[in-house]
Novice: 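Sharing a structure below in C-alpha cells format, with a few things to ask.
Just so it is clear: chains get the letters A, B, ... in the order the sequence lines come, proteins before strands, and each one is counted from 1. Computed over heavy atoms, backbone and side chain alike; hydrogens, waters and symmetry mates excluded. Quick caveat, the model's predicted, so the values are computed rather than measured.
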2 protein chains.
Amino acid sequence: MAEKRQLKLGVSIRGLGYHAGGWRHPDVPSGGAMDFEHFVNVARIAEAAKLDMVFLADGVGIRQKDEPPGSLCRSNQNVELEPITLLSALAAVTKHIGLVATASTTYNEPYHLARKFGSLDHISKGRAGWNLVTSWSDAEAFNFGREHQMAYADRYERAMEFAEVVTGLWDSWEGGAFVHDKTSGVFYDPDRLHTLAHRGKHFSVLGPLSVDRTPQGRPIIVQAGASDQGRDIAARFADIVFSAEQDLAAARAYYASVKGRLATHGRRTDELLMLPGLVPIVGATRAEAQAKHEALQELIDPLVGLSYIYGNFGDLSAYPIDGPVPEPKDPKLRSRAAVMFNLAQEKGYTIRQLCQAIASGRGHRTVIGTPADIADTMEEWVDQGAADGFNIIPTHLPVGLEDFAALVLPELRRRGIFREEYEARTFRGNLGLPEPQNRYTEARGQGTALSA
Amino acid sequence: MAEKRQLKLGVSIRGLGYHAGGWRHPDVPSGGAMDFEHFVNVARIAEAAKLDMVFLADGVGIRQKDEPPGSLCRSNQNVELEPITLLSALAAVTKHIGLVATASTTYNEPYHLARKFGSLDHISKGRAGWNLVTSWSDAEAFNFGREHQMAYADRYERAMEFAEVVTGLWDSWEGGAFVHDKTSGVFYDPDRLHTLAHRGKHFSVLGPLSVDRTPQGRPIIVQAGASDQGRDIAARFADIVFSAEQDLAAARAYYASVKGRLATHGRRTDELLMLPGLVPIVGATRAEAQAKHEALQELIDPLVGLSYIYGNFGDLSAYPIDGPVPEPKDPKLRSRAAVMFNLAQEKGYTIRQLCQAIASGRGHRTVIGTPADIADTMEEWVDQGAADGFNIIPTHLPVGLEDFAALVLPELRRRGIFREEYEARTFRGNLGLPEPQNRYTEARGQGTALSA
Ligand SMILES: Cc1cc2nc3c(=O)[nH]c(=O)nc-3n(C[C@H](O)[C@H](O)[C@H](O)COP(=O)(O)O)c2cc1C
Ligand SMILES: Cc1cc2nc3c(=O)[nH]c(=O)nc-3n(C[C@H](O)[C@H](O)[C@H](O)COP(=O)(O)O)c2cc1C
C-alpha cells in the first residue's frame with residue numbers, strides 16, 4: 001500500500017493567540033506576551049505534539065494611544081518580544097521543533113539578518129527559519145526615518161535583492177572549511193572561504209559572513225506575501241509559503257500558481273511547501289465547538305473588532321457598523337485587504353460581522369467542528385492540491401494549541417497523515433526538503449555537500 | 001568595621017579566548033566558536049563563580065582570505081555567532097549572570113536595537129546589557145553599502161543620538177501600564193503609553209516601542225571607546241565603561257576623567273563602574289604561571305601575531321619584524337592603536353614583541369603570577385582609583401576562566417572583596433546600581449518607579 005502523503009504542520013505562537021478576545025479567557029496568562037515562560041510552555045506543547053515549527057509573525061511598529069479607533073488599549077496588541085531573540089532562547093529549551101521568525105526586508109540589512117539566522121541555525125542545531133516579509137504599514141516606516149512606507153514595487157525589488165544577498169552570504173563557507181588542525185596550526189582552509197562582493201541597486205555587500213555553513217545547509221526560508229512579486233520571490237527562494245487563503249478554489253489557484261513558477265528556477269514542485277493558515281475551533285461535538293466559538297466571540301469588545309481591520313482598511317469608525325464593508329481605498333494596503341474585502345463580499349458581511357470574523361483569526365480561515373470535521377477539511381485541501389499542510393493559528397494560547405494537539409492530532413494520526421515521531425534531526429529534514437548545495441562546492445563539481 | 005569595597009567582575013567570552021595560539025591548547029574545543037554547548041559550558045562556569053557578567057565583543061566584518069598578512073587561516077578569527085542571538089539562548093540556561101552583547105551604533109537602527117535588548121531583558125528577567133560601540137574597521141563598512149567607514153566625528157555624533165533614541169524608546173511604557181483586566185477588558189492604561197517622536201540629525205523615530213518597561217528599568221549600558229567623545233557618551237548614558245588601560249597612572253587619569261564628567265548629567269560618581277580588561281595568567285607559583293604563559297606563546301604562528309595588530313596598524317609585513325613599531329598612520333584607527341603604540345614605546349618592543357604581547361590578550365593588560373599577585377594588582381587598582389572591578393579576558397576558554405575561578409577568586413574572597421553569593425535578582429542589582437526612573441513617571445512627580 002502506498003504511504004499516505006504526510007501533512008506538514010506549524011503553529012503560529014504570536015502573543016496570546018489571534019482571537020481579539022482570547023486574552024480574556026480564564027486559562028490565558030494575560031501577561032504572557034512579555035513572559036518567556038509562556039512561550040516555553042507553548043513551544044514545549046508544540047514539540048510534544050511533533051509539529052514541524054513554531055512560527056512568529058511580527059511587525060516593527062505599533063499603534064499610538066490616540067489613533068482611531070481608540071480601542072486599542074482593549075486588545076492584546078502593542079506588545080511583542082523581538083522574534084529572533086525569543087526564538088533563540090527557545091532554541092535552548094527545545095530539541096526538535098523548527099523555529100521560524102518573521103523579519104522584514106524593508107527595515108533590515110542583509111548582513112545582519114544572514115548572520116542572525118545563520119547563528120540561530122547553529123545554536124538550534126539546524127532548526128532556524130526566516131519568514132521573509134516586506135512589511136505593510138506606515139507605522140513601521142515612521143520608526144525608520146521614513147515619512148511613509150516605500151512604494152510597493154520598490155519594496156519587492158529590494159526584497160528580491162535582499163534574498164540574493166542573504167543566500168549568497170550563507171554560502172561564504174563551504175562545508176568542511178574549518179579543519180581546526182591543532183598540530184599544523186591551520187584553523188581553516190582558505191580555498192573554502194568565499195567573498196560575495198555583491199553590488200546591486202539596493203545593496204553593496206562585500207562579505208564574507210562570519211558564520212560557518214549552517215547545519216541545514218542554510219536556514220529554511222518562509223515567504224508570506226500573496227502578490228505576483230511575492231510569488232516570484234517564493235518560487236526562487238522559499239521552502240515554505242504561508243498564506244491566508246479562505247476558500248478551496250482560490251487556494252488551489254494560488255497553489256498552482258506558485259508551484260508552476262518553480263521550474264523556471266530549476267526546482268521540483270515538491271521542493272516548496274504551501275501552508276495556508278488555519279484557525280481550528282474544535283470540540284468533541286459540533287455543538288461543543290460552536291459553544292467554544294461563541295464564548296470567545298462574547299469576549300470581544302465591539303470597538304476592538306474595528307481596530308483589527310484598521311491596518312487594512314483604515315479607520316472605519318465613521319461608517320455604520322451594521323452597514324456594508326467599503327472597498328479598501330489605499331492602494332498600499334494590498335493583498336491582505338483584498339482578501340478581507342472579498343470575504344465580506346462573498347458572505348455578505350457587515351462591518352461588524354467582518355470584524356467578528358477577522359477577530360477570530362485575523363483573516364485566516366476558521367474551521368469550527370469536531371476533530372473529524374477539521375481533519376476532513378485538511379485532507380480535502382491536500383487532496384485537491386490546495387495545501388501541503390497548514391500553519392495552525394490558535395485563537396488563544398496555550399488553550400487553542402492544547403485543544404488541537406489533544407483532539408485533532410489523534411484523528412490525523414489515525415488516518416496516517418501525520419507523524420508519530422520526528423523523522424530527522426533538522427527542521428529541513430522533518431519537512432522532507434533537500435539540503436541546498438553550496439554554490440562554490442557545486443561549481444567545483446563536487447556532487448554532494450561536504451558537510452553531510 | 002567598614003565593609004570592604006566589592007569588586008565587580010565580568011568575563012569576556014568571545015570565541016575560544018583572546019590568545020592567538022590558545023585554540024591549539026589541548027583543552028580548548030577548537031570548534032567552539034560555532035558550538036552553542038561551548039558557550040553554555042563557559043557561561044555556567046562564570047555563573048558558578050558568581051561573576052557579574054559574561055561579555056561578548058563583536059565586529060560585523062571579517063577578513064578576506066587574501067588580505068595581508070595572509071596568515072589569517074592560522075588564527076581562530078573570522079567566525080563568530082551573532083552575540084544577541086547567542087546571549088538570548090544563554091539566557092534560557094542561566095539564572096543570575098549578566099549578559100552583555102556588543103552592538104554598533106554605526107550599522108544598526110535604534111528601533112531594532114532597543115527592541116532586541118529590551119526583549120533580552122525580559123527573557124533573562126533583568127540581565128541584559130548593551131556594549132555600545134561605534135566600530136572601527138573598513139571591513140565592516142563594506143558590508144553595509146559604504147566605501148569606507150564613516151568619519152570619526154560623525155560616528156560619535158550618530159552614537160550620541162542613537163543612545164538618546166534607544167533610551168527614549170525604553171521609556172515608551174511606564175511601570176504598571178499593563179493592567180490586563182480580564183473583567184473590564186482593559187489591556188493597558190493608555191496614559192502610561194508614550195510616543196517618543198524623535199526628530200534629529202541622524203534619526204527620525206516615532207515609537208512607541210512594542211516592549212514593556214524592562215525588569216531592570218532599562219538594560220545596562222556598557223561603553224567601550226576611550227576617546228573624548230566616547231567619554232562623553234559614557235558619562236551621559238553608561239552604567240559600565242570597559243577599557244584597555246595598560247598602566248596604573250593612565251588608568252587613574254581615565255577613571256578620573258570619566259567620573260568627573262558625571263556631575264554634568266546629574267549623576268553620582270558611584271552610578272558608573274569602570275572595568276578595565278585584565279588577562280590573568282595564574283599559577284600556584286610564579287614559575288608555574290610563567291611556564292603557562294610560555295607554553296601559550298609557543299603556540300603562536302609568527303605570522304598570526306601580525307594579523308592581530310593589522311586592524312590597528314595596517315599591514316606591517318613589509319617592516320622588519322625585529323625592528324621598531326612604526327607610528328600608526330591612519331587617523332581612523334584611533335584610541336586602540338594609540339594604546340598599543342604607547343605600550344611599544346614604553347617597553348621598547350619590536351614588532352615581533354608587540355605582536356606577542358597583543359596576541360596574549362589583544363591589547364589588554366596581562367598579569368602573570370600567583371593568585372596573590374593577581375589579587376594584589378586588582379586591589380591596588382581599585383584602591384588607587386583606577387578601577388571599580390575588571391573585565392576578565394581569558395587567554396583560552398574554558399581553561400583561562402576555570403583557572404581564574406579556581407585560583408584567584410578564593411583569594412579575592414579571603415580578602416573580602418568579592419561576593420560569595422549573588423546579592424540581587426537582576427544584573428543591575430548585583431552591580432549595586434540604581435534603577436533608572438521612567439522619564440514620564442518622573443515628570444508626574446511620582447518618586448519611585450511603579451514597577452518596583
Ligand atoms: C499569510 C500572510 C502573513 C503575513 N505575515 C506578515 C508578518 O508577520 N509581518 C509583516 O510585516 N507582514 C506580513 N505579511 C505581509 C507581507 O509583509 C507582505 O509583504 C505584504 O502584505 C505585501 O505583500 P503582498 O501584497 O505580496 O501580500 C503577511 C502576508 C500574508 C499573506
Ligand atoms: C576596551 C575596548 C573594547 C572595544 N570593543 C569593541 C568591540 O567589541 N567591537 C567594536 O566594534 N569596537 C570595539 N571597540 C572600539 C569602539 O568601536 C570604539 O568606538 C572605536 O575604537 C573608536 O572609538 P575610541 O577612539 O573612542 O576608542 C572597543 C574599544 C575599547 C577601548
Novice: Does any donor atom in the side chain of A/Thr195 or B/Gln64 lie under 3.5 Å from an acceptor atom in the other side chain?
Specialist: yes

Novice: Using side-chain heavy atoms (C-beta onward) and a distance below 4.5 Å, is A/Arg115 in contact with B/Asp58?
Specialist: yes

Novice: What part of A/Val211 lies closer than 4.5 angstrom to a heavy atom of chain B: side chain, backbone, both or neither?
Specialist: both

Novice: Can you tell which part of B/Asp181 gets under 4.5 Å to a heavy atom of chain A, answering side chain, backbone, both or neither?
Specialist: backbone

Novice: For A/Leu169, is it the side chain, the backbone, both, or neither that has a heavy atom closer than 4.5 Å to a heavy atom of chain B?
Specialist: neither

Novice: Who among A/Gly21, A/Ser172, A/Gly185 has the most heavy-atom pairs with chain B under 4.5 Å?
Specialist: A/Gly185

Novice: Please set out all donor-acceptor pairs under 3.5 angstrom arising from side-chain atoms of residues 23-32 of chain A, sequence neighbours excluded.
Specialist:
residue : atom : partner  : partner atom : Å
A/Arg24 : NE   : B/Lys182 : O            : 2.9
A/Arg24 : NH1  : A/Leu299 : O            : 2.8
A/Arg24 : NH2  : B/Lys182 : O            : 3.2
A/Arg24 : NH2  : B/Thr183 : O            : 3.0
A/His25 : ND1  : A/Asp27  : N            : 3.0

Novice: Checking heavy atoms, do the side chain of B/Glu109, its backbone, both or neither come under 4.5 Å from chain A?
Specialist: side chain

Novice: Tell me, please, which residues at least two apart from A/Asp301 pass side chain to side chain contact (heavy atoms under 4.5 Å, CB included).
Specialist: A/Arg74, A/Leu303, A/Val304

Novice: Is the distance between the ring centroids of A/His112 and B/Tyr107 less than 6.0 Å?
Specialist: no

Novice: Sequence neighbours left out, what pairs pass ring pair (Phe, Tyr, Trp, His ring centres under 6.0 Å) with at least one residue falling in residues 197-219 of chain B?
Specialist: B/Phe162-B/Phe203

Novice: Counting N and O atoms only, with roles assigned by atom type, does the side chain of A/Ser88 sit under 3.5 Å from a partner on the main chain of B/Thr85, one being a donor and the other an acceptor?
Specialist: yes

Novice: Going by residue number, which parts of residues 35-44 of chain B are within reach of chain A, meaning a heavy-atom gap below 4.5 Å?
Specialist: B/Phe36, B/Glu37

Novice: Any side-chain heavy atom of B/Met34 within less than 4.5 Å of one from A/Thr214?
Specialist: no

Novice: Sort B/Gln77 into side chain, backbone, both or neither according to what part of it lies under 4.5 angstrom from a heavy atom of chain A.
Specialist: backbone

